[in-house]
Amino acid sequence: MNLFTELRALVIDSLNAMVAEGALPGGLDFANVAVEPPRDAAHGDMATNAAMVLAKPAKMKPRDIAEALAARLAADARITTAEVAGPGFLNLRLAAPVWQGVVGAALAEGVAFGRSVMGQGQKVNVEFVSANPTGPLHVGHTRGAVFGDALSSLLAYAGYDVTREYYINDGGAQVDVLARSVYLRYLEAHGEAVEFPDGTYPGDYLIEVGEALARTYGDRYVGQSEDAWLDEFRNVATDAMMDLIRDDLKALGIEMDVFFSEKSLYGTGQIEAALQDLQSKGLIYEGVLEPPKGKMPEDWEPREQTLFRSTMHGDDVDRPVKKSDGAWTYFAPDIAYHYDKITRGFDALIDVFGADHGGYVKRMKAAVSALSNGKVPLDIKLTQLVRLFRNGEPFKMSKRAGNFVTLRDVVDQVGSDVTRFVMLTRKNDAPLDFDFARVLEQSKDNPVFYVQYAHARVRSVLRKAAEAGIDTGEAALAGADLSKLDHPAELDVARKLAEWPRLVEIAARTHEPHRVAFYLYELASEFHGLWNRGNELPELRFLQEGDVATSQAKIALAQAVAVVISAGLGILGVTPVEEMR
RNA sequence: GCACCCAUAGCUCAGCUGGAUAGAGCGUCGCCCUCCGAAGGCGAAGGCCUCAGGUUCGAAUCCUGAUGGGUGCGCCA
């Protein structure tokens with residue numbers, strides 16, 4: 001149930017009626033007519049800009065339109081007042097039963113209250129994490145992982161058919177480096193003293209892989225040249241790393257639908273096919289790129305390469321798809337991979353990258369635009385850095401990983417729920433400060449706690465009600481007389497609840513799950529406010545001694561808050577708590 | 001040099017397809033527990049939304065330029 005959608009429909013109906021009776025000219029476009037909560041609550045419950053948007057095309061004064069519309073809307077039972085204000089806003093106040101109805105709807109629909117059909121079942125592919133399979137995930141990946149997963153859940157909640165996908169970069173030079181690093185660990189397992197030169201991976205996590213290989217192959221590869229063992233060691237090592245990564249993701253409650261291997265694109269003609277598609281569109285040519293201005297690579301020399309004419313699709317320069325030795329650049333399999341996504345029939349693609357990959361956004365969009373003939377939109381969300389602290393001091397690195405803090409370091413210390421929520425308390429493109437001590441603080445300074453506390457308080461009310469012998473079962477609350485919720489403070493909470501379905505659509509449309517986290521904080525704040533007013537005004541307490549009917553109505557409101565918090569936390573991948581400890 | 005991201009209260013940040021007097025938390029100051037959990041709440045002070053133009057009924061929001069910060073820029077993915 002989306003109250004804003006309902007009222008917008010009422011406004012549009014009224015406008016159509018005005019057209020029918022000649023109060024407005026025909027042929028007007030109502031697309032820009034909006035019904036929104038006013039920024040200042042003193043202006044009313046909802047406002048529409050209809051009169052201002054239509055004034056120009058209708059060649060009428062905004063206030064004239066607004067007044068005619070106001071008269072019409074005021075006739076609706078849901079609307080108590082409709083006043084024209086400012087340059088032509090129409091401010092609406094809604095009757096108490098409307099807000100009481102929101103509470104009823106939240107209870108009746110449960111976590112589905114807020115679910116939207118906006119996505120219309122469109123297939124969306126969300127690619128995220130996609131870390132190189134060369135070691136455990138670190139904090140940067142953690143943010144991308146949480147963001148991608150929450151965005152996926154959000155889109156699913158908004159009616160999209162979502163596929164979570166991970167692209168395994170197992171086809172490039174870095175997995176050869178991995179294999180060599182593992183070989184050193186293999187030698188070490190045979191008692192040799194080894195050193196890890198620059199450019200290899202010295203992390204502890206490869207020790208057991210080396211040991212496993214020593215058990216499997218004995219000393220067969222000791223002293224052998226690289227071509228004897230490279231393929232085998234690479235396969236074993238990348239498999240082991242992907243197991244590690246899957247476990248890391250699982251620790252955050254993330255389950256991918258598809259793991260797509262870069263390597264699987266080689267030798268199957270898929271890269272060639274993708275480039276052939278571009279070729280047939282005249283977008284592939286042999287040429288020489290200009291050196292980048294202002295930053296001349298030391299070993300620059302003009303060189304003819306196979307290039308993708310990405311400038312035809314909004315890029316700044318054309319991009320090479322083949323290296324000078326004839327091998328593919330990393331970009332070529334990326335093109336093939338996105339081509340594969342397109343041919344799998346997705347209506348929209350989303351890539352979640354770290355901010356350090358910002359330079360690839362335009363070329364990737366250019367590729368998708370060219371391959372799909374502009375039909376499949378690609379949105380690329382960049383996640384900014386996470387800065388780690390403990391009590392305000394920068395946090396040190398993990399030994400195990402070599403030189404970075406791992407996802408495990410974070411989850412083991414603060415838990416999955418806290419990690420996830422905190423990662424979503426900033427917009428994706430804003431840097432995030434993560435303080436191990438502060439995120440565990442049990443105070444209102446900590447948004448995780450604050451939201452959880454609101455949920456726990458509702459549970460507490462339910463437990464107290466049970467002790468008092470009040471029936472708070474689903475049926476009892478569904479039958480509660482919600483007209484007893486007539487205090488402005490209670491209706492304010494209901495107003496906040498009414499925003500939830502609208503917020504879901506905004507967050508889904510903008511691909512910004514952090515909005516859910518901020519909303520939950522605001523809802524919790526409304527609830528805590530109401531709770532505390534019970535200190536001064538006994539009639540606002542949720543349990544009214546000797547008055548079961550009123551208690552049930554108030555408990556219904558509390559339960560509606562819990563329902564929305566649960567739904568919101570569910571999207572974020574956070575489990576609501578029953579009580580604080 | 002070019003591209004992308006960012007610039008909002010002392011600090012950290014929200015701000016809806018452009019809407020009315022720009023919000024929250026922290027910090028500062030003042031208040032509220034014989035009361036379902038005060039692990040909380042209420043209030044006050046605090047602003048040239050970096051700057052300059054433009055678009056329009058209306059701009060923190062869109063466009064152009066400037067300034068300041070971050071990221072990246074052919075044979076690494």
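Chain letters run A, B, ... following the sequence lines, proteins first and then strands; every chain starts at 1.
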Tell me which nucleotide among B:rU12, B:rC75, B:rC16 gets nearest to the side chain of A:Y330. B:rC75

Find the distance A:F527:CZ to B:rG40:P and express it as a whole number of Å. 14 Å

Heavy atoms under 4.0 Å, any strand shown: does A:R502 hit a base, just sugar-phosphate, or nothing? base

Could you tell me the separation between the CG atom of A:L523 and the P atom of B:rA14, rounded to a whole number of Å? 20 Å

Is atom CZ of A:R438 surrounded by more than 12 heavy atoms (other residues, nucleotides or ligands) closer than 6.0 Å? no

Between B:rC5, B:rG74, B:rC13, which nucleotide gets closest to the side-chain atoms of A:R426? B:rC13

Would you call A:E165-A:K341 a salt bridge at under 4.0 Å N-O? no

Partner of A:Q544 by side-chain contact (heavy atoms from CB on, under 4.5 Å), out of A:Q552, A:K554, A:K484: A:K554

By the 4.0 Å heavy-atom rule, please label A:S443 as base, sugar-phosphate, or nothing. sugar-phosphate

Salt bridge (Lys or Arg N to Asp or Glu O under 4.0 Å) with A:K496: of A:E526, A:E490, A:E522, only one passes, and it is A:E522

Looking at the base of B:rC36, is there any donor atom on it, or on the side chain of A:R541, that sits under 3.5 Å from an acceptor on the other one? no

Scan A:P431 against the nucleic acid and name what it touches under 4.0 Å (heavy atoms): base, sugar-phosphate only, or nothing. sugar-phosphate

For A:Y453 and B:rG40, is the gap between ring centres under 5.5 Å while the planes differ by less than 30°? no

When only distance counts, do a donor and an acceptor, one from the side chain of A:N91 and one from the base of B:rA20, lie under 3.5 Å apart? yes

For nucleotides B:rA9 and B:rC49, find the distance between their P atoms and express it as a whole number of Å. 10 Å

Is a donor from one side chain sitting under 3.5 angstrom from an acceptor on the other, for A:Y453 and A:R457? yes

Atom-pair distance (OH on A:Y521; P on B:rG40), nearest Å: 10 Å

Over all strands shown, is A:F331 touching base, sugar-phosphate only, or nothing at heavy-atom distances under 4.0 angstrom? nothing

Think A:K427 has a side-chain N or O under 4.0 angstrom from the OP1 or OP2 of B:rC13? no

A:E526 CD to B:rG25 P, straight-line distance once rounded to whole Å: 12 Å

Salt bridge check, A:D45 against A:R93: does any charged N sit closer than 4.0 Å to a carboxylate O? no

Below 3.5 Å is the cut-off: list the nitrogen or oxygen pairs between protein and nucleotides 61-66 of chain B, distance only.
none

OP1 or OP2 of B:rA38 sitting under 4.0 Å from any side-chain N/O of A:W531? yes

Need one value for A:S525: base, sugar-phosphate or nothing, where a base atom within 4.0 Å counts as base even if backbone is also close, heavy atoms only. nothing

B:rU8 and B:rA45: how far apart are their P atoms, nearest whole angstrom? 23 Å

Stacking here means centres under 5.5 Å and planes under 30°; does A:H528 stack on B:rG41? no

Touch check for A:R319, heavy atoms < 4.0 angstrom, all strands: base, sugar-phosphate only, or nothing? nothing

Check whether the side chains of A:H357 and A:D351 place a donor and an acceptor atom closer than 3.5 Å, and report yes or no. no

Please give the distance between the C1' atoms of B:rA22 and B:rC13 as a whole number of Å. 14 Å

Taking atom P in both B:rG41 and B:rC26, compute the distance separating them and give it to the nearest angstrom. 8 Å

Looking at A:F4, is A:R502 sitting on its ring face, NZ or CZ under 6.0 Å from the six-membered ring centre and within 45 degrees of the normal? yes

Would you measure the distance from the C1' atom in B:rU64 across to the matching atom in B:rG19 and give it in whole Å? 24 Å

5′-ward residue of the pair A:L90/A:D445 relative to RNA chain B: A:L90

Could you tell me whether A:A31 contacts a base, only the sugar-phosphate backbone, or nothing, with contacts defined as non-hydrogen atoms closer than 4.0 Å? nothing

pair_partner(B:rU17), Watson-Crick or wobble, both distances < 3.5 Å, evaluates to none

Between B:rG43 and B:rC5 - C1' atom distance, rounded Å: 39 Å

Give a yes or no answer on whether the side chain of A:D379 reaches the backbone of A:I350 with a donor-acceptor pair at less than 3.5 Å. no

Scan A:A85 against the nucleic acid and name what it touches under 4.0 Å (heavy atoms): base, sugar-phosphate only, or nothing. base

By the 4.0 Å heavy-atom rule, please label A:F518 as base, sugar-phosphate, or nothing. sugar-phosphate

Spacing of A:M423 atom CE relative to B:rC13 atom P, expressed in whole Å: 15 Å

Polar side-chain contact A:N535-B:rG41 base: donor and acceptor under 3.5 Å: no

G-U wobble or Watson-Crick pairing nucleotide for B:rC2 (cut-off 3.5 Å, both distances): B:rG72

Checking all strands, does A:E262 fall into the base, sugar-phosphate, or nothing category for heavy-atom contacts under 4.0 angstrom? sugar-phosphate

The side chain of A:A34 is closest to which nucleotide in this list: B:rA20, B:rG41, B:rU17? B:rU17

Hunt down the Watson-Crick or G-U wobble partner of B:rA60, both distances under 3.5 Å, from any strand shown, or write none. none

Candidate nucleotides B:rC57, B:rC36, B:rU17, ranked by approach to the side chain of A:K56 - the nearest: B:rC57

Return the value, rounded to whole Å, for the distance between atom CE of A:M52 and atom P of B:rU56. 17 Å

Taking CD in A:E304 as the centre, count heavy atoms belonging to other residues, nucleotides or ligands within less than 6.0 Å. Is the count above 12? yes

Which value, in whole Å, describes the distance between the C1' atoms of nucleotides B:rG25 and B:rA14? 10 Å

Would you indicate which nucleotide in B:rG74, B:rG15, B:rG41 comes nearest to any side-chain atom of A:N532? B:rG41

Rounded distance in Å - CG (A:L178) to P (B:rC76): 18 Å

Students often get this wrong, so: under 4.0 angstrom with heavy atoms, is A:R533 touching a base, only sugar-phosphate, or nothing? nothing

Using atom P of each nucleotide, how far apart are B:rG10 and B:rC4 to the nearest Å? 31 Å

Check whether any side-chain N or O of A:K444 sits under 4.0 Å from OP1 or OP2 of B:rA24, and answer yes or no. no

What does B:rA44 pair with, Watson-Crick or G-U, if both distances are under 3.5 Å? B:rU28

I would like to know whether A:D492 and A:R533 meet salt bridge (Lys or Arg N to Asp or Glu O under 4.0 Å); could you show each step before the answer? CA-CA 13 Å; A:D492 281 346; A:R533 291 203 61 186; over 6 Å; no

Taking a pair to mean Watson-Crick or G-U wobble geometry with both distances below 3.5 Å, B:rU55 pairs with none

In whole angstrom, give the distance that lies between atom CD1 of A:I506 and atom C1' of B:rG18. 14 Å

Classify the nucleic acid contact of A:A468 as base, sugar-phosphate or nothing, counting any heavy atom under 4.0 Å across all strands shown. nothing

Of A:G534 and A:N428, the one whose closest RNA chain B nucleotide lies more 5': A:N428

Applying a 4.0 Å non-hydrogen cut-off, can you work out what A:H514 is touching in the nucleic acid: base, sugar-phosphate, or nothing? sugar-phosphate

Answer yes or no: is there a donor N or O on one side and an acceptor on the other, between the side chain of A:R8 and the main chain of A:V33, under 3.5 Å? yes

